[in-house]
K.L.:
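Got a structure for you, written out below as structure tokens; questions coming shortly.
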Amino acid sequence: MRDSILVIFDCDGVLVDTEQATNEWIAAEITKAGLPITAHECRKRYVGLSMFSMRPKLLAEEGIDVGENFPGRWRAAIPTVLGEGVQGMPHIKAALDALDKANIRYCVASSGTVEKMNMTLGATGLLSRLSDVLFSATMVENGKPAPDLFLHAANAMGFSPVQCIVVEDSPFGAQGAAFAGKRCLGYVGDPLTDAEGLATHGARLFDDMRDLPEMVMTPVGAAEWN
């Protein structure tokens, strides 16, 4: 039944277009710490990770330290980096309208803070329909690719993992959905999205948000889904 489905949206790159500006900031910080990297490389390697998860990953894999206050610096930079020009992803409002019409519930599970989601979703006119269903990696012990955030969101919304469909644009997010026992739709509308990485973790790929409602409402077998 449609009322037994919960769609869990990632925020950046799925609901709102913030990836380029965010990764330019991250790349500059990593470069200052000793690892020259472009925004494109940064996006490919770290998209989907929270700022809290990024520091230990960089320490373990690259031996560089962006500093304990890295998440705090990002919070302070958000108004400048994302304060202007944030757009909703193409056709996302139409997709949400169709889900509403079909009585399908949805929420947001993001590596970003609730404060950041309020800013970006507010700038795009999406906040009014999502403000009470925002879940952040700051609410759980482990961010993506751990399953904690997706499990927390599903539990808070009153759904079991098998009732959920996650919409992600990052391999880390798709991996987290798989770890949580949830199906995943991988949005690849942006040509820089790692489609291969999403598919590797079992995401069913699509590139137009107008196709999302039908994909959610049309059952498919496990083999077809993957």
Side-chain angles (χ1 to χ4, degrees), residues 9-87 108-123 134-150 152-153 166 168-180 186-187 190-194 196-198 200-201:
F9 288 97
D10 179 37
C11 189
D12 297 315
V14 172
L15 295 173
V16 295
D17 185 4
T18 60
E19 294 294 356
Q20 183 61 31
T22 298
N23 281 282
E24 285 176 359
W25 184 89
I26 295 171
E29 291 293 308
I30 294 175
T31 298
K32 284 191 292 185
L35 176 64
I37 189 171
T38 66
H40 178 79
E41 292 170 328
C42 187
R43 179 173 177 177
K44 187 173 180 63
R45 294 173 63 175
Y46 304 117
V47 66
L49 289 181
S50 71
M51 298 299 178
F52 291 95
S53 300
M54 202 172 299
R55 184 191 180 211
K57 184 175 181 66
L58 285 163
L59 277 169
E61 296 182 357
E62 306 292 345
I64 66 165
D65 190 356
V66 290
E68 187 176 356
N69 66 340
F70 182 63
R73 298 201 309 274
W74 169 239
R75 285 195 297 272
I78 285 174
T80 300
V81 177
L82 301 179
E84 297 181 2
V86 177
Q87 302 289 324
V108 184
S110 172
S111 293
T113 64
V114 172
E115 177 185 27
K116 177 190 170 188
M117 285 187 275
N118 280 328
M119 177 179 293
T120 58
L121 293 170
L134 301 178
F135 301 97
S136 164
T138 60
M139 299 175 178
V140 296
E141 183 175 356
N142 301 297
K144 305 172 189 177
D148 304 28
L149 178 56
F150 293 126
H152 171 65
V166 172
E168 271 284 353
D169 72 322
S170 78
F172 286 120
Q175 187 177 19
F179 286 155
Y187 178 60
D190 186 324
L192 295 180
T193 301
D194 186 355
E196 183 178 352
L198 284 163
T200 296
H201 295 295

K.L.:
Check this for me: Glu115, atom CD, are more than 12 non-hydrogen atoms of other residues, nucleotides or ligands nearer than 6.0 Å?
P.N.:
no

K.L.:
Kindly indicate whether the side chain of Glu62, heavy atoms from C-beta on, has any atom under 4.5 Å from the side chain of Ile37.
P.N.:
no

K.L.:
Do Phe70 and Trp25 have ring centroids that are under 6.0 Å from one another?
P.N.:
yes

K.L.:
Working to the nearest 0.5 angstrom, can you tell me the gap between Asn142 CG and Asp148 CG?
P.N.:
4.5 Å

K.L.:
Look up atom CZ in Phe150 and atom CZ in Phe135, then write down how far apart they are to the nearest 0.5 Å.
P.N.:
12.5 Å

K.L.:
Please give me the minimum heavy-atom distance between Gly143 and Ala137, naming the atom from each residue.
P.N.:
CA-CB, 4.2 Å

K.L.:
Should Phe52 and Thr138 count as side-chain neighbours, where that means a heavy-atom distance under 4.5 Å?
P.N.:
yes

K.L.:
Starting from the C-alpha separation in whole Å, work towards a yes-or-no answer on side chain to side chain contact (heavy atoms under 4.5 Å, CB included) for Lys144 and Gln175.
P.N.:
CA-CA 8 Å; Lys144 305 172 189 177; Gln175 187 177 19; over 6 Å; no

K.L.:
Which heavy atom in Pro145 sits nearest to a heavy atom in Leu49, and how many Å separate them?
P.N.:
CD-CD2, 4.1 Å

K.L.:
Heavy-atom distance under 4.5 Å between the side chains of Val66 and Trp74, does that happen here?
P.N.:
no

K.L.:
Please output the side-chain donor-acceptor pairs of residues 11-21 that fall under 3.5 Å, not counting sequence neighbours, one pair per line with the distance.
P.N.:
from  : atom 1 : to     : atom 2 : distance (Å)
Asp12 : OD1    : Thr18  : OG1    : 2.6
Asp12 : OD2    : Lys116 : NZ     : 2.6
Glu19 : OE1    : Asn23  : ND2    : 3.3
Gln20 : NE2    : Glu24  : OE2    : 2.9

K.L.:
Does any part of the side chain of Glu168, heavy atoms only, come nearer than 4.5 Å to the side chain of His201, both counted from C-beta?
P.N.:
no

K.L.:
Between Ile30 and Leu58, is any pair of side-chain heavy atoms under 4.5 Å apart?
P.N.:
yes

K.L.:
Side chains of Tyr187 and Asp10: does their closest heavy-atom pair fall under 4.5 Å?
P.N.:
no

K.L.:
Closer than 3.5 angstrom, by distance alone: can the side chain of Arg75 be matched with the main-chain N or O of Thr113 as a donor-acceptor pair?
P.N.:
no

K.L.:
If you compare all heavy atoms of Ser136 against all heavy atoms of Gly112, which two are closest, and at what distance to 0.1 Å?
P.N.:
OG-O, 2.7 Å

K.L.:
Tell me, with the steps shown, if Glu29 and Lys32 meet salt bridge (charged side-chain N to carboxylate O under 4.0 Å, His left out).
P.N.:
CA-CA 5 Å; Glu29 291 293 308; Lys32 284 191 292 185; 3.0 Å; yes

K.L.:
Atom CD1 of Ile64 and atom CZ of Arg55: how far apart are they, to the nearest 0.5 Å?
P.N.:
11.0 Å

K.L.:
So, taking the atom named OG1 in Thr193 and the one named NZ in Lys44, what distance separates them when rounded to the nearest 0.5 Å?
P.N.:
10.5 Å

K.L.:
I'd like to check Met139 versus Leu149 (side-chain heavy atoms, cut-off strictly below 4.5 Å). Are they in contact?
P.N.:
no

K.L.:
Please report the interatomic distance NE2(His152) to CD(Glu141), rounded to the nearest 0.5 Å.
P.N.:
13.5 Å

K.L.:
Return the set of residues passing side-chain contact (heavy atoms from CB on, under 4.5 Å) with Ala28 (not counting sequence neighbours), or none when no residue passes.
P.N.:
none

K.L.:
Flag the pair Met51 / Thr22 as yes when at least one side-chain heavy-atom distance between them is below 4.5 Å, and no otherwise.
P.N.:
yes

K.L.:
Report the distance from atom CE of Met119 to atom CD1 of Ile78, rounding to the nearest 0.5 Å.
P.N.:
6.5 Å

